[in-house]
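We name chains A, B, ... by the order of the sequence lines, and we start the count at 1 in each one. What you see is a predicted model, and the numbers here were worked out from it, not measured in a lab.
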Number of protein chains: 2
Amino acid sequence: MKDEDVRDVAALLKTMSHPIRLKILCLLQEKEMAVGDIREEVKTTNANVSQHLSILRNQGIVSSRKDANFIYNRIDDQRVLELIAKLRDLFCEEGDG
Amino acid sequence: MKDEDVRDVAALLKTMSHPIRLKILCLLQEKEMAVGDIREEVKTTNANVSQHLSILRNQGIVSSRKDANFIYNRIDDQRVLELIAKLRDLFCEEGDG
DNA sequence: CATCTATTTCAGTTTTTAATTTAATACTAA
DNA sequence: TTAGTATTAAATTAAAAACTGAAATAGATG
């Protein structure tokens, strides 16, 4: 891996390496969600979710669309979707739980 | 992904998300290496490499064997090897460089 | 034993990151 | 316009991580 790739990949992993952000990404795999919906799932404040979302947007992982009062977020990088699938595959028990 | 898995995977990603540690892991994909060999590749101090290695060992990613004065390090988790292969596949240009 | 090499550990400093609170913005609906 | 909801932004504080340099350990060599 070239040094530049190492830097970029490390930055991506760092962005994904916070439990709240990783959980947000898992949630967004299935459907787009607004800040308030995410807040209920991850049990923190709106402001905190918003901060984490802005980190994810800055990294280019998540993008948003606005509809009335709500801002709906989705994963905007196919490679990240694949990466999360691989992480599930490697580190999570299979099963339909 | 269960909350426990989210925590564990986030911790793993965090461990891998430092450029020096990610580079060490890339180097160790090909062969085991002593601290001094790694230091030459990543251009920092022995103490710094040693500290990063101890983080990788604590996470269970790397293990070591001692031979005379040297401590040879290797990746000790097949899943991490697979994960790095996937990262290369997704985020690095192919080619034999 | 004295010394050299490789590595680790420790203490101190700086940098980075996370969470909290508060204020501001954007839109809706009466 | 006024009030209410959803989201963002800015500032503060607290906590964690990174780097440096010096000292300590372990084994090798003479």
### Summary
Its contact letters, B for base, S for sugar-phosphate only and - for none at protein heavy atoms under 4.0 Å, make nucleotides 19-30 of chain C read BBB----SBS--
### Pair B:Arg57, B:Ser63: side-chain N/O donor-acceptor within cut-off below 3.5 Å
no
Separation of atom [atom1] in [X] from atom [atom2] in [N], rounded to whole Å:
| X | N | atom1 | atom2 | result |
| --- | --- | --- | --- | --- |
| A:Glu32 | D:dT7 | CD | P | 12 Å |
| B:Asp37 | C:dT5 | CG | C1' | 13 Å |
| B:Ile71 | D:dG27 | CD1 | P | 10 Å |
| B:Tyr72 | C:dT7 | OH | C1' | 13 Å |
| A:Lys14 | C:dT16 | NZ | P | 8 Å |
| B:Phe70 | C:dC4 | CZ | P | 17 Å |
| B:Asn46 | D:dT25 | CG | P | 18 Å |
| A:Ile55 | D:dA10 | CD1 | P | 14 Å |

### Query
Are B:Leu12 and B:Val80 close enough that some pair of their side-chain heavy atoms sits under 4.5 Å apart?
yes
### Query
Side chains of B:Asn73 and B:Met33: closer than 4.5 Å at any heavy-atom pair?
no
### Query
Which nucleotide in the set D:dT8, C:dT8, D:dA18 lies at the smallest distance from any side-chain heavy atom of B:Val35?
C:dT8
Ionic contact status for [Y] with [X], cut-off 4.0 Å:
| X | Y | value |
| --- | --- | --- |
| A:Glu94 | A:Arg88 | no |
| B:Lys23 | A:Asp3 | yes |
| A:Arg65 | A:Glu32 | yes |

### Under 4.0 angstrom between B:Arg57 side-chain N/O and C:dT8 OP1 or OP2
yes
### Query
Does B:Arg39 make a side-chain N or O approach to OP1 or OP2 of C:dT7 shorter than 4.0 Å?
no
### Task
Write out all pairs satisfying side chain to side chain donor-acceptor pair (under 3.5 Å) with one or both partners inside residues 7-18 of chain B, taking only residues at least two apart or from two chains.
B:Thr15-B:Gln59
